[in-house]
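A short worksheet on the structure shown next.
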Amino acid sequence: MIDLKNLTPFQLDALKEIGNIGASHADTALSELLRKKVWISVPEAKVVPLDEVPQEFGGAEKMVVGVYLQMQGQISGNILFFFSQETALTLADILMNRPAGTTKVLNEMDQSAIKETGTILAGSCLTALSALTNKEIIPSIPYYAMDMLGALVDFIIINLSQNAEYAMIIQLEFSEAEYKIDGSFLLLPDPQSLEVILTSLGVG
Amino acid sequence: MDEQIKVGIADLKVSTAPNKIITNALGSCVAIILYDSVHKVGGLAHIMLPSTAFSKIRSNPAKFADTAVPEMLGMMKQLGALKTTTWAKIVGGAQMFANVLAEPLGNIGQRNVQATKDILSKENIRIVAEDTGGDCGKSVEFNLDNGEVTVKSIKYGVNRL
């Protein structure tokens, strides 16, 4: 099993490149979906101790809306797309063609639309990952929740903790200026799959 | 002066009155609270997994229900607690994303709760209250003065155990 603590800068760069290509796909997909110019930050690839994952993204108690998907197939892992409640309300306004500021509570339709956004984002990143590694990856259906970040991520941490003390996270931050929406997109491959990814990128 | 002691994920702390022990944002994890109401000594563990059988990395007793309970009882004993006057309260073990299929560990929240009940029963510790299961995150404040446990969640507000 790969030791996450000993990933070389070269390997982290290769992982960041997945983020870069994923970001360019996601950028286009999200801009089309929202009919707004969405900016995606330069991706980061980082190794974080499992118990520090919530702190790394704003703290365990931060209230967020999250969409979770599982990666299955030749590469497995977790995808979490999350943002503030304000962003979620604005996203719902845009997706449902309502004037900004209309949505006060997310109904089931809004939640479905937000889940779909997660699926589209995940799909574009996984297409990039799949093309780069030449491996088949299937995303699960999306799951929606609104709660404290720490509570949303703890089962992901639990899953990873069976085989590792650290998580390798590819992180994309996205934002849109006019409506002031922003959020985070995290890709957390399982430790076994990280090895598969690095090997197929030729840096294993 | 009373002190507020924070417990992180896969972490445990013991203390005495009038201190408070808190832990935040439990999802599928479980907070195991032990309290000797006579000696006013207590502990809180924020466990991640049912037992050491679930992980290759086993060095931290606070990570597992089956090791956290004996560890906490030992530490509480050093502060003057007796097992015969110690009871338990448990919080957490939710499934945050309802019906996530193909979760490698099944409903891990439920399994954590069950493992916690099993080890407490093995240690002859009575569970006097619980706020477990469901689909929402919970934060916990444990008052070592009187054993009161305050559970906060966005769905249900404040629940006192």
Side-chain angles (χ1 to χ4, degrees), chain A residues 1 3-4 49-55 57-73 76-82 85 111 115 118 138-166 190-192, chain B residues 6-11 22-31 46-60 62-65 91-112 134-140 151-156:
Chain A
M1 182 81 59
D3 186 354
L4 289 179
L50 286 179
D51 54 358
E52 289 174 19
V53 170
Q55 286 98 294
F57 301 102
E61 286 173 286
K62 181 162 108 173
M63 285 301 303
V64 296
V65 169
V67 178
Y68 170 77
L69 296 99
Q70 221 151 30
M71 288 191 270
Q72 290 146 350
S76 62
N78 305 277
I79 291 174
L80 184 72
F81 171 48
F82 67 91
Q85 284 166 290
Q111 294 179 16
K115 280 199 283 191
I138 308 144
S140 72
I141 57 164
Y143 298 92
Y144 170 95
M146 178 169 82
D147 216 304
M148 291 176 275
L149 177 64
L152 290 193
V153 299
D154 79 355
F155 82 99
I156 301 176
I157 297 175
I158 289 171
N159 284 340
L160 295 173
S161 77
Q162 294 173 88
N163 294 307
E165 289 174 273
Y166 292 82
D190 290 338
Q192 314 84 287
Chain B
K6 203 168 170 176
V7 171
I9 188 166
D11 185 17
I22 58 166
T23 198
N24 293 324
L26 293 156
S28 301
C29 291
V30 170
H46 183 144
I47 63 104
M48 294 168 75
L49 286 163
S51 74
T52 45
F54 283 77
S55 180
K56 288 178 188 147
I57 302 139
R58 298 170 184 165
S59 53
N60 176 8
K63 188 165 153 184
F64 310 99
V91 180
Q95 189 177 33
M96 298 305 299
F97 293 94
N99 309 313
V100 171
L101 297 170
E103 208 180 299
L105 291 171
N107 185 340
I108 190 63
Q110 205 172 42
R111 294 176 80 165
N112 277 334
D135 62 356
C136 72
K138 289 164 190 151
S139 288
V140 170
V151 182
K152 287 183 188 158
S153 65
I154 56 154
K155 282 210 176 114
Y156 305 108

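All values reported here derive from a predicted model rather than from experimental measurement. Note on naming: letters A, B, ... go to the chains in the order of the sequence lines (proteins, then strands), and numbering restarts at 1 for each one. Below, all heavy atoms of this structure are taken into account, side chains as well, without hydrogens, waters or symmetry copies.
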Nearest heavy-atom pair of [X] and [Y]: which atoms, and what distance?
X        : Y        : value
A/Met148 : B/Lys138 : CE-N, 3.6 Å
A/Asp147 : B/Asp135 : OD2-O, 4.4 Å
A/Ser161 : B/Leu49  : OG-CD1, 3.5 Å
A/Ala145 : B/Phe97  : CB-CE2, 3.6 Å
B/Gly137 : A/Ala151 : CA-CB, 3.5 Å
B/Met48  : A/Ile158 : O-CD1, 3.3 Å

CD-CD1 distance between A/Gln162 and B/Ile108, expressed to the nearest 0.5 angstrom: 7.0 Å
Reported CG-to-OG distance for the pair A/Asp154 and B/Ser28, which is rounded to 0.5 angstrom: 5.0 Å
Part of [X] within contact of chain A (heavy atom distance under 4.5 Å):
X        : value
B/Asn112 : side chain
B/Lys63  : side chain
B/Leu26  : backbone

query: Do other residues, nucleotides or ligands put more than 12 heavy atoms under 6.0 Å from A/Gln111 CD?
result: yes
query: Checking A/Ile157 against chain B: side chain, backbone, both or neither under 4.5 Å from a heavy atom?
result: both
